[in-house]
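A short write-up of the structure that comes next.
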Amino acid sequence: MAELHFYNSYTRQKEKFTSITPGYAGLYVCGPTVSGESHLGHARPYITFDVVQRYLKHLGYKVRYVRNITDAGHFEEEGRDAIDKVGEKAKLEKLEPMEMVHKYTSLFHYGMRLFNCEEPAIEPTATGHIIEQIAMIETIIEKGYAYEVNGSVYFDVKKYAENYPYGKLSGRILDDLLETTRELDGQEEKRNKVDFALWKNAPPEHIQRWISPWGEGFPGWHIECSAMSSKYLGETFDIHGGGMDLLFPHHESEIAQSTIAHGHPPVNYWMHNNMITINGKKMGKSYNNVIKFSELFSGNHPLLEQPYHPMVIRFYILQTHYRSTLDFSNESLQASERAFRRLWEAYELLQKINHPGNADAGDKTLDQQVITWCNECEDFMCDDFNTAKVIANLFEIAPVINGMKGGQVAANALSANTITLLKKTFKVFLEDVLGMQPLQAVQNNNFDKVISLLIEIRTDAKKRKDFATSDQIRNKLAEGGILLKDEKDGTVSYTIE
RNA sequence: GGUCGGAUGGCCGAGUGGCUAGGCUCAGCUCUGCAAAAGCUGCUACAGCGGUUCGAAUCCGCUUUCGACCUCCA
C-alpha cells in the first residue's frame, strides 16, 4: 500500500495517513441541508471527497463512506429569529416538511449521479436518528457539560474550554469569542453567548417536533453529525470532511460534544475543501449569487453563457487543488470543456491503439519519460490528493498518444510494457480515481451505421473530386453537432458536440 | 475589530530554496482539395519594498490589496 499523506486541518500540516484498523478506512462527510436545491458550491465537497474515497479504495482500503442528509430543522440558533430552516421553507412552499425534504434529496441525488459521484455506503438522515441524538444529549447532561432551560438544552462551552482545547480546530480563542461586540437576539437563555444548542424547544407553530425528556422540540444542528458518525464509524474514526466554512462553529462543536460524550476526540484527520467563489465572493445563499445544479446543466441563468456538462464541472473542480479557492467564470469553464474534450479523445484513441508489441522502445528517452509521467500520478495523489498535477501529467502524455496516431511519434517508439502501463494509468486515474466519464454516452450501433454510410458516400464524392457533395455532407452534419475529421491515414472519424 | 488564508504570464491554475507544471487563448508552421482535428514552435510570470542565501515565486520582515470565518452556509 502506497504511503498516503494529506493535510490535516486539526494539526495544520500534512501527515501520513494511518488508519485505525489496517486495511479499513472510515470517512464521514457533512452532507447537504435539503431545504433547497443544491448549487455549484455544493458540488465541490462532494466531488472532492468522492475522489478521496475512490483513491482510498484504489490504495486497497475497504472504505466505509458516510454522508448525512440534514433533513431536521436545524435553525439559526444564533440568528435573529431562530428560524427552523426546514419548517420555514416548507411553510412558504406549502409542503409537508417530509415532502419538501424528499424533493430536494431527490434533486441532490440526481446531481450526484450526473457528477458521477459514487454513492456513500451509508446516507443517514437526521430525522432518522432523533433517538441517538437524544441519548447523546442525555450523556452530555449527565457529565455536567450541558444544561436545560425552558425545554432547550445548551452545551456549556466555557466549562468545556476549562478542561479541553476548545477552538484548536478553527483557531478560535474563547476570550475573543466572549468579548465579541456583535449583539444577537435569542441569547438570554444561554449562560454564555458561546454556548450552542443541543436541543431546542419547539414553539407551537413549529412544524417539525419530537418528544424528548425536555418536552417537544427538535435537535440542534451540530449534534446530528456527532450522533450519526459515532454510530456508524465508531467513537473515534479516521477522516471527517466538509467545507471550510463548517470549521466553525459546526466542526468545533462536534469535537466538543463528542469529546464529552465519549471521553475522547472523535476524529483523527480533519479535511476541509475550499470555497467556490464568484466574482471573488463566496457562492452562498446569503450572498444571493448561487447557480443551482439545474441552471448549470441548462445554462438558464443570467451569469451563464451556455449550459455546462456535469463532467465539465467535475473536471474544472479537479483541475484545482481542493484547498485553493476556485473562482467561477464562463471563460474558465469553457477552457475546461475544451481541455477535457481533447484529453478524453486522446484516451479513446489510446484504447484503440494496436501496438506491434516490440519489447524494446524505439525511442528510449520518450519511453522513459512516459513511464515517469505515469508513475508520478500515484505520487501526486499520495501528496494531499493533488488531482491538478495528475491531470497535468495526463496532458503531457496526450500529444504522445495523438502523435502515434498522426505519425509524428513512431509506432515502435514505446515498448509494449510502456503501452500497457499507459493504458492502465489512464484507465485507473482518469476513470477510476478522478471518476471522469465521456461527455456523451456511447452511441448505439444503428446510429453509427447511419453515420458510417454518410462517411462512405462522402469519401466516394471526394475521390471523384465532387467537393460540393462532400462539403455538403460535412457541413450539414456539423450543423447537427456531428464533426467529421479526415485522419491522416485516410480514414474518417467523427465526434459529437 | 479578532483569527486565518491568498496575491503567479492575456485568462484559469500547479508549484515551498537551484532543474522555466499544465490547461485555455493568441501568432506562425506542418499536414490537408478546403476545413476541422492533430503535431511542432513562439509568448519565461511570480503584488511592492527591504532582508537571509552562492542562489528565492518558494524563507523572514514591512507595506498594499483581496477573501474566508467570527451568524445559517459546502
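Quick note: numbers below take in every heavy atom, side chains included, and nothing from hydrogens, waters or symmetry partners. Note on naming: letters A, B, ... go to the chains in the order of the sequence lines (proteins, then strands), and numbering restarts at 1 for each one.
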(request) Look up atom OG1 in A:T495 and atom CG in A:L484, then write down how far apart they are to the nearest 0.5 Å. (result) 8.5 Å
(request) Can you tell me the distance, in whole Å, between the CG atom of A:D245 and the C1' atom of B:G67? (result) 13 Å
(message) From C-beta outward on A:D471, which listed nucleotide comes closest to its side chain: B:A74, B:G33, B:A37?
(response) B:G33
(message) Less than 6.0 angstrom from the centroid, inside 45 degrees of the normal: does A:R67 satisfy that with respect to the ring of A:Y28?
(response) no
(request) Name the residue closer to the 5' end of RNA chain B, choosing between A:P399 and A:H42 according to the nucleotide with the nearest heavy atom. (result) A:P399
(request) Calculate the interatomic distance between A:I473 atom CD1 and B:C34 atom C1'; express it in whole Å. (result) 15 Å
(request) Identify which nucleotide among B:A74, B:A21, B:C24 has an atom closest to any side-chain atom of A:K282, counting heavy atoms from C-beta outward. (result) B:A74
(request) Indicate whether the side chain of A:N375 and that of A:E378 have a donor and an acceptor atom separated by less than 3.5 Å. (result) no
(message) When you measure from the side-chain N and O atoms of A:Y287 to the phosphate of B:A68, is any distance below 4.0 Å, counting only OP1 and OP2?
(response) yes
(message) Distance check needed: B:C70 P versus A:M275 CE, whole Å only.
(response) 11 Å
(request) Any pair with a residue in residues 386-410 of chain A that passes side-chain hydrogen bond (donor to acceptor under 3.5 Å, both in side chains), sequence neighbours left out, goes on the list, sorted by first then second residue, please. (result) A:E376-A:N393
(request) If the plane angle is over 60° it's perpendicular, under 30° parallel, otherwise tilted; pick one for A:F340 and A:W344. (result) tilted
(request) Rounded to the nearest angstrom, tell me the gap between atom CG in A:L247 and atom P in B:G67. (result) 20 Å
(message) Counting only side-chain heavy atoms from C-beta out, which of B:A74, B:C72, B:G23 sits nearest to A:M283?
(response) B:A74
(message) Please report the distance, rounded to the nearest Å, between CG in A:L318 and P in B:A21.
(response) 22 Å
(request) Would you confirm whether the ring centroid of A:F115 sits within less than 6.0 angstrom of the ring centroid of A:Y46? (result) no
(request) Decide whether a cation-pi geometry holds between A:K14 and A:F6; the criteria are a distance under 6.0 Å from NZ or CZ to the six-membered ring centre and an angle within 45° of the ring axis. (result) no
(request) Take the angle between the ring planes of A:F248 and A:Y166 and call it parallel below 30°, perpendicular above 60°, tilted in between. (result) perpendicular
(message) I'd like to know whether the aromatic ring centres of A:H222 and A:H251 sit less than 6.0 Å apart in this structure.
(response) no
(message) Looking at A:R342 and B:A38, is any side-chain donor or acceptor paired with a base atom of the opposite kind under 3.5 Å?
(response) no
(message) Would A:F467 count as stacking on B:G33 if stacking means ring centres less than 5.5 angstrom apart and planes tilted under 30 degrees?
(response) yes
(message) Taking the minimum atom-to-atom distance to the side chain of A:A392, which one of B:A37, B:C24, B:A21 wins?
(response) B:A21
(message) Can you give me the dot-bracket string for RNA chain B, 5' to 3', counting Watson-Crick and G-U wobble pairs with both distances under 3.5 Å, using [ ] for crossing pairs and | for partners on another strand?
(response) (((((((..(((.....[...))).(((((.......)))))....(((((..]....))))))))))))....
(request) Answer with yes or no after comparing the ring centroid distance for A:F293 and A:F108 against a 6.0 Å cut-off, counting only values under it. (result) no
(request) Examine the side chains of A:D367 and A:T418 and answer whether a donor and an acceptor come within less than 3.5 Å of each other. (result) yes
(message) Nearest whole Å is fine: how far is B:A38 P from A:N402 CG?
(response) 7 Å
(request) Let me know, please, whether A:F248 or A:N273 comes out on the 5' side of the other along RNA chain B by nearest nucleotide. (result) A:F248
(request) Take atom P in B:A21 and the same atom in B:C46, then report the distance between them in whole Å. (result) 13 Å
(message) Please confirm whether the shortest side-chain N or O distance from A:K389 to OP1 or OP2 of B:G15 is below 4.0 Å.
(response) no
(request) Pick the P atom in B:C26 and in B:U32, then give their distance to the nearest Å. (result) 24 Å
(request) Considering just the side-chain nitrogens and oxygens of A:N386, establish if one lies under 4.0 Å of OP1 or OP2 belonging to B:G15. (result) yes
(message) Rounding to an integer number of Å, can you tell me how far A:N279 CG sits from B:A68 P?
(response) 12 Å
(request) Verify the contact: side-chain N or O of A:K193 to OP1 or OP2 of B:U71, cut-off strictly under 4.0 Å; return yes or no. (result) no
(request) Could you encode protein contacts along nucleotides 2-13 of chain B as a string, one character per nucleotide from 5' to 3', using B for base contact, S for sugar-phosphate-only contact and - for no contact, with a heavy-atom cut-off of under 4.0 Å? (result) BS-------SSS
(request) Please measure how far the P atom in B:C31 lies from the corresponding atom in B:C40, and state the result in whole Å. (result) 16 Å
(message) Less than 4.0 angstrom between a side-chain N/O of A:K462 and OP1 or OP2 of B:C34, yes or no?
(response) no
(request) For A:I397 and B:G39, give me the distance from atom CD1 to atom P, rounded to whole Å. (result) 13 Å
(message) Could you check whether the side chain of A:D486 and the base of B:A36 have a donor-acceptor pair of N or O atoms closer than 3.5 Å, going by distance alone?
(response) no
